[in-house]
Participant: 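Below you'll find the structure I mean.
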Amino acid sequence: MSDQDLQVLRPDDAGYDDARRIHNGLIDKRPSLIARCRTSTDVAAAVARGRKEALEISVRGGGHNVAGKAVTEGGLMIDLSPMKEIEVDPQARTAHARPGLTWDEFNIATATHGLATTGGVVSSTGIAGLTLGGGYGWLQGKYGLTVDNLLAAEVVTADGDVLRASEEENADLFWALRGGGGNFGVVTSFTFRLHPVRTVLGGLAAFPLAGADDVVDVFRRVTKEAPDELAVQCGFVTGPDASSKLVALPVCHCGDLDRAKADIGLVRELGTPLLDAIVPKSYVDQNRQLDENFPSGALNYWKSAFFTELSDAATRVLIECFEQCPSPMTACIIESMGGAASRIAPASTAYAHREPGYSLLLLSQWANAADSEPNIAWTRETFEALQPHMADRRYVNYLSADDGGYTRDAYGCNYERLVELKRRYDPDNVFHLNQNIDPS
């Protein structure tokens, strides 16, 4: 790979700073080279150059991952963001998509045909990283996780080979890609299964934090009784005035609208909310509804865990801690893990956490670097206070840069098989800037 063959940025080049920046403003790393790739051939050449020059390699798709693994300090960053092609086959209900796409770009293309697949809840998220880690989203109760809708992938390996992975070809690699993160190569295209989705009933209702116990109780009831078509989250957030703390129930129902109105009846019975923005809308708009709350460049530090049950005791800890939260930009998000995604055997894909329950994300966010210490401290202290109520499982896409000790918890019962496949496809651990599966 020469600098003439594709766009290679160095620290003094125009565009370098824009290319190295990612969503999390807490991450400030400077690669020695950024390879702006447009084809799998470009990627293979970049991998070869990185290995030849003994440069640490990082891979950037959408750049949304909180841990900042997309950027290497002093090494070679393989930037996939120029790779934005997508082809939709409405008859086969499939989409062939490149890794530089965001979910908003993907959703716009598939919505033209009245189709969609499970893909995140913030539309600026890249399709690549979210998919490789498992892929939560509004449609998972009905159609499973993103990895459950992945049909095939093209992968550049550490040796520079370009492989197709599917149930029929390189099936072990295909299994590993569905939840194993970026450990096994650079994915240069994804083929997804699509589903008929046009108008959904979506939005959120928000209530004063003082009534959080009742709201959480309704959340638990809805998530246990709801049909697969209804996704409900519970979020502790600060209101638009930056002073009032709220508890919100974001919802998305992808089924019949009349049925949807009945299925969210428990939410409506909570009384008059401070905000009721649950209306029929396009799936594209549904996936954008939270975007403004998670701006690019904000400083982020996260902790996450699973609850088998969302107990009253855990809820009380969460409420009391959130009352002391130092940043109005921070959110505590509880996602229900059930429906179709929970009816798949844990060993069917590398993503192992199929038990019904709840995922908690402490999404700490603030604007000024001077506020980093108190916000990080609050997140760690809240996480510690919740430890007695947690299951020993973690979601790989939510792990922060200092969460390496939870790697086994992230991969669960599939960890040993993933180690074996890492030894086969990347024995030298070339791709180690991820939640790493150490082949040694």
Side-chain angles (χ1 to χ4, degrees), residues 61-62 64 83-128 130-131 134-154 166-167 178 187 189-204 226-233 250-264 267 277-292 335-336 338-341 343-344:
H64 235 268
M83 301 176 69
K84 288 186 175 292
E85 298 83 5
I86 180 170
E87 298 175 7
V88 179
D89 185 335
Q91 281 71 46
R93 291 182 178 173
T94 59
H96 183 73
R98 294 292 185 177
L101 289 164
T102 65
W103 281 107
D104 196 50
E105 293 163 334
F106 182 97
N107 293 335
I108 290 169
T110 60
T112 302
H113 308 281
L115 300 169
T117 200
T118 306
V121 297
V122 175
S123 75
S124 57
T125 304
I127 70 167
L130 184 126
T131 298
Y136 297 169
W138 295 117
L139 305 179
Q140 70 186 53
K142 179 65 174 176
Y143 298 118
L145 304 179
T146 311
V147 289
D148 302 329
N149 293 284
L150 185 64
L151 299 174
E154 180 184 80
S166 67
E167 293 285 8
R178 289 176 289 163
V187 178
S189 73
F190 299 85
T191 302
F192 294 103
R193 179 187 298 110
L194 303 176
H195 308 277
V197 180
R198 289 190 182 272
T199 302
V200 302
L201 183 65
L204 61 83
D228 291 349
E229 290 84 358
L230 176 58
V232 186
Q233 297 181 355
V251 305
C252 177
H253 195 298
C254 63
D256 175 79
L257 281 178
D258 289 334
R259 170 75 183 277
K261 292 173 183 177
D263 287 338
I264 67 164
V267 177
I278 301 175
V279 296
K281 61 178 67 177
S282 71
Y283 177 72
V284 173
D285 286 341
Q286 171 70 20
N287 222 36
R288 291 172 175 168
Q289 70 177 4
L290 303 177
D291 287 5
E292 66 180 26
E335 298 168 284
S336 175
R343 294 194 286 269
I344 294 174

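Reckoned from all heavy atoms, side chains included, excluding hydrogens, waters and symmetry mates.
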Participant: How close do G141 and R343 get, counting heavy atoms only, and between which atoms?
Facilitator: O-NH2, 4.4 Å
Participant: Quick one, K281 and T199 - any side-chain contact, counting heavy atoms below 4.5 Å?
Facilitator: no
Participant: Could you tell me whether the side chain of S123 and the main chain of D104 form a donor-acceptor pair under 3.5 Å?
Facilitator: no
Participant: State the CG-CD distance between D228 and Q140, to the nearest 0.5 angstrom.
Facilitator: 10.5 Å
Participant: Are the side chains of R198 and Y283 in contact, using a 4.5 Å heavy-atom criterion?
Facilitator: no
Participant: Given the rule in the side chain to side chain contact (heavy atoms under 4.5 Å, CB included) test, do T112 and V88 qualify, once you have shown the distances and angles that lead to the verdict?
Facilitator: CA-CA 9 Å; T112 302; V88 179; over 6 Å; no
Participant: At what distance, to the nearest 0.5 angstrom, does CZ of R259 lie from CG of L201?
Facilitator: 12.5 Å
Participant: Does any part of the side chain of I278, heavy atoms only, come nearer than 4.5 Å to the side chain of I264, both counted from C-beta?
Facilitator: yes
Participant: So do L145 and T118 actually touch side chain to side chain, heavy atoms under 4.5 Å?
Facilitator: no
Participant: Report the C-alpha separation of T94 and L151 in whole Å, then their side-chain angles, then the decisive distance to 0.1 Å, and conclude whether the side chain to side chain contact (heavy atoms under 4.5 Å, CB included) test is met.
Facilitator: CA-CA 9 Å; T94 59; L151 299 174; 3.7 Å; yes
Participant: Say you draw a straight line from CD1 of I86 to NE2 of H96; how long is it, rounded to the nearest 0.5 Å?
Facilitator: 10.0 Å
Participant: Other residues, nucleotides and ligands only: do more than 12 of their heavy atoms fall within 6.0 Å of CD on E87?
Facilitator: no
Participant: Can you tell if the side chain of V121 reaches within under 4.5 Å of the side chain of Q233, non-hydrogen atoms only?
Facilitator: yes
Participant: Is the closest side-chain donor-acceptor distance between D89 and H113 under 3.5 Å?
Facilitator: no
Participant: Quick one: closest heavy-atom pair of C252 and Q286, and the distance?
Facilitator: CB-NE2, 3.3 Å
Participant: Just verifying a value: how many Å separate S189 OG and M83 CE, rounded to the nearest 0.5 Å?
Facilitator: 7.5 Å
Participant: Step by step, work out the side chain to side chain contact (heavy atoms under 4.5 Å, CB included) result for H253 and K142.
Facilitator: CA-CA 10 Å; H253 195 298; K142 179 65 174 176; over 6 Å; no
Participant: Any chance you could measure I108, atom CD1, to N287, atom CG, to the nearest 0.5 Å?
Facilitator: 10.5 Å
Participant: Any side-chain heavy atom of V187 within less than 4.5 Å of one from P99?
Facilitator: no
Participant: Would you say the side chain of W103 lies within less than 4.5 Å of the side chain of S124, judging by non-hydrogen atoms?
Facilitator: no
Participant: What orientation do F192 and F190 show, parallel under 30°, tilted 30 to 60°, or perpendicular over 60°?
Facilitator: parallel
Participant: Give, for atom CG of L204 and atom CG of L290, the distance between the pair rounded to the nearest 0.5 Å.
Facilitator: 7.0 Å
Participant: Kindly assign one of parallel, tilted or perpendicular to the pair Y143 and H195, based on the angle between their ring planes and the thresholds 30° and 60°.
Facilitator: parallel
Participant: If you measure from the Lys or Arg side-chain nitrogens to the Asp or Glu carboxylate oxygens, is any gap between R288 and E105 under 4.0 Å?
Facilitator: no
Participant: If I compare all heavy atoms of P250 with all of W138, which pair ends up nearest, and what's the gap?
Facilitator: CB-CH2, 3.7 Å
Participant: Any idea which heavy atoms bring G144 and N149 closest together, and the distance?
Facilitator: O-ND2, 3.7 Å
Participant: Less than 4.5 Å apart, side chain to side chain, heavy atoms only: is that true for T117 and T110?
Facilitator: no
Participant: Of the non-hydrogen atoms in L139 and C254, which two are nearest, and what is the gap between them?
Facilitator: CD2-CB, 3.8 Å
Participant: Look at the side chain of E335 and the backbone N and O of A231, then say whether any donor-acceptor pair between them is shorter than 3.5 Å.
Facilitator: no
Participant: Where do V122 and H64 land on the side chain to side chain contact (heavy atoms under 4.5 Å, CB included) test, with the steps shown first?
Facilitator: CA-CA 10 Å; V122 175; H64 235 268; 4.2 Å; yes
Participant: Could you check whether any side-chain N or O of R193 sits under 3.5 Å from a backbone N or O of D148, counting only pairs where one atom can act as donor and the other as acceptor?
Facilitator: yes
Participant: Looking at G100, is its backbone amide N or carbonyl O close enough to the side chain of K84 to form a donor-acceptor pair, meaning the two atoms are under 3.5 Å apart?
Facilitator: yes
